[in-house]
Amino acid sequence: MCMADIKLEESWKAALAPQFAKDYMQKLRAFLKAELGAGKTIFPKGAEYFAALDTTPLENVKVVILGQDPYHGPGQAHGLCFSVQPGVQPPPSLVNIYKEMKEDLGITQPAHGCLTPWAQEGVLLLNSVLTVEAHKAASHQGRGWETFTDAIIAELNERHDHLVFILWGSYAQKKGAKIDRKRHLVITSPHPSPLSSYRGFFGSKPFSKANAYLEAHGKTAINWQLPEISGLKI
């Protein structure tokens, strides 16, 4: 995959340049090209594969939230984990995230599910797998994205100090196993899915814990309050 062809925010492009030259990335590109050539619908759209990186430059990252793979329903995914496009009903896991946010911080839950303002605040909303075939959950797992996003986590782990990694569920916790706990805060709990949220996600207070840690290390806290649709800048 030629770097000249990659449309990616410059700080991430420089940091991840070696990845685009590797064999796994060539195979991933060929796979995606073949899937599109076969007429399959892939979410999110191509311009949004790297939206998490484009919205949160490397030097701006304060908090990392790890997801698994994109939503596979029409109009949902736009490249940020747990987030959906304005006008799309917030999925159940995101509804539970909002409930915990309200309980933790006492702030108003928005009527939409677009988390772009968090990304603009320095929250990297990173899925492990960056694409999915329409209506087929986890269909692009094992194709190379996991290696790429492992490289992203490694860059953050090594280049930064005092980041907050929020790992919800066993999948994210396994992916974040190599994060240096001496240099960063790692917050873990069950996943916010309705299947597991009552086993320890509710009451885990990740938002206040993240802000307390950032402020204790001389960083500005995240403004977790999301504006209503009229105030969104995406």
(message) A side-chain contact here means heavy atoms from C-beta on lying under 4.5 Å apart; do Cys114 and Val84 qualify?
(response) no
(message) Given 3.5 Å as the limit, does a donor-acceptor pair link the side chain of Asn60 with the main chain of Gly122, or not?
(response) no
(request) Mind running side chain to side chain contact (heavy atoms under 4.5 Å, CB included) on Val186 and Leu167 for me, showing each step along the way? (result) CA-CA 7 Å; Val186 178; Leu167 311 180; 3.6 Å; yes
(message) The test is side chain to side chain contact (heavy atoms under 4.5 Å, CB included); show your working for Leu80 and Thr116 and say whether it passes.
(response) CA-CA 8 Å; Leu80 307 180; Thr116 298; 3.7 Å; yes
(message) Quick check against the 3.5 Å criterion: does Asp54 have a side-chain atom that pairs as donor or acceptor with the backbone of Leu8?
(response) no
(message) Give me the atom names and distance for the closest heavy-atom approach of Leu195 to Arg199.
(response) O-NH1, 2.9 Å
(message) Grouping I, L, V, M, F, W and Y whenever their side-chain heavy atoms are under 4.5 Å apart, do Val132 and Tyr171 come out in a common cluster?
(response) no
(request) For Leu163 and His184, work out which heavy atoms get closest and say how close. (result) N-ND1, 3.1 Å
(request) State, yes or no, whether a side-chain contact exists between Leu115 and His78 at a heavy-atom distance under 4.5 Å. (result) no
(request) First locate atom CG of Asn223, then atom OG1 of Thr220, and finally report the distance between them rounded to the nearest 0.5 Å. (result) 11.5 Å
(message) Phe82 vs Trp168, test: ring pair (Phe, Tyr, Trp, His ring centres under 6.0 Å). Steps then yes/no.
(response) CA-CA 11 Å; Phe82 292 105; Trp168 289 324; 5.5 Å; yes
(request) Apply the test side chain to side chain contact (heavy atoms under 4.5 Å, CB included) to residues Trp118 and Thr55: give CA-CA distance (whole Å), side-chain angles for both, the deciding distance (0.1 Å), then the verdict. (result) CA-CA 10 Å; Trp118 288 1; Thr55 314; over 6 Å; no
(request) Would you indicate whether the side-chain heavy atoms of Tyr98 and Met101 approach each other to under 4.5 Å? (result) yes
(request) Work out which heavy atom in Thr131 is nearest to a heavy atom in Pro44; give both atom names and the distance. (result) CA-CD, 4.4 Å
(message) Name the residue from Asn127, Leu126, Val129, Leu66 that meets the side chain to side chain contact (heavy atoms under 4.5 Å, CB included) definition with Thr149.
(response) Leu126
(request) Treating Ile, Leu, Val, Met, Phe, Trp and Tyr as nodes and any side-chain heavy-atom pair under 4.5 angstrom as an edge, say whether Phe50 and Ile152 lie in one connected cluster. (result) yes
(message) Nearest 0.5 Å, please: how far is CG in Leu28 from CD in Glu146?
(response) 9.5 Å
(message) Measuring from atom CG of Leu53 to atom CG of Leu16, what distance do you get when rounded to the nearest 0.5 angstrom?
(response) 6.5 Å
(message) Using side-chain heavy atoms (C-beta onward) and a distance below 4.5 Å, is Leu32 in contact with Ile42?
(response) yes
(request) For Glu133 and Ser139, work out which heavy atoms get closest and say how close. (result) N-OG, 2.9 Å
(request) Compare all side-chain heavy atoms of His160 with those of Leu58 and state whether any distance is below 4.5 angstrom. (result) yes
(request) Kindly state whether the ring of Phe20 and the ring of Phe148 have centres lying under 6.0 angstrom apart. (result) yes
(request) Answer yes or no: is there a side-chain heavy-atom contact under 4.5 Å between Lys175 and Asp150? (result) yes
(message) I'd like to know if the side chain of Glu100 reaches the main chain of Lys205, judged simply by a donor and an acceptor atom lying under 3.5 Å from each other, with no hydrogens or angles considered.
(response) yes
(request) Could you tell me whether the side chains of Ser128 and Trp145 share a donor-acceptor contact shorter than 3.5 Å? (result) no
(message) Looking only at side-chain N and O atoms, does His191 offer a donor or acceptor that is under 3.5 Å from a partner on Ser197?
(response) no
(message) Just verifying a value: how many Å separate Ile179 CD1 and Glu158 CD, rounded to the nearest 0.5 Å?
(response) 12.0 Å
(message) Hydrogens and angles aside, do Thr147 and Lys22 bring a side-chain donor and acceptor to less than 3.5 Å of each other?
(response) no
(request) Check whether any side-chain heavy atom of Ser204 lies under 4.5 Å from a side-chain heavy atom of Pro190, and answer yes or no. (result) no
(request) Could you tell me which non-hydrogen atom of Ile97 sits nearest to which non-hydrogen atom of Phe201, and how far apart they are? (result) CA-CZ, 3.9 Å
(message) How long is the straight-line distance from OH of Tyr213 back to OG of Ser208, given to the nearest 0.5 Å?
(response) 15.5 Å
(request) Report the C-alpha separation of His140 and Phe31 in whole Å, then their side-chain angles, then the decisive distance to 0.1 Å, and conclude whether the side chain to side chain contact (heavy atoms under 4.5 Å, CB included) test is met. (result) CA-CA 9 Å; His140 288 185; Phe31 166 73; 3.6 Å; yes
(message) Do Leu130 and Phe43 land in one hydrophobic cluster if side-chain heavy atoms of ILVMFWY residues count as linked below 4.5 Å?
(response) no
(request) Would you mind reporting whether Trp12 and Val61 have side-chain heavy atoms less than 4.5 Å apart? (result) yes
(message) Keeping Gln85 on the side-chain end and Gly75 on the backbone end, is there a donor-acceptor pair under 3.5 Å?
(response) yes
(message) Closer than 3.5 angstrom, by distance alone: can the side chain of Arg183 be matched with the main-chain N or O of His162 as a donor-acceptor pair?
(response) no
(request) Report yes or no: do Glu59 and Ser11 form a side-chain donor-acceptor pair below 3.5 Å? (result) yes
(request) Considering non-hydrogen atoms only, spot the tightest contact between Gln173 and Ser189 and give its length. (result) NE2-O, 2.9 Å
(message) In this structure, would Leu105 and Val95 fall into the same cluster of hydrophobic residues linked by side-chain contacts under 4.5 Å?
(response) no
(message) Using 0.5 Å steps for rounding, measure from the CD atom of Glu228 to the CD atom of Gln225.
(response) 8.0 Å
(request) Would you check if the side chain of Asn211 reaches a backbone N or O of Ala221 as a donor-acceptor pair within less than 3.5 Å? (result) no
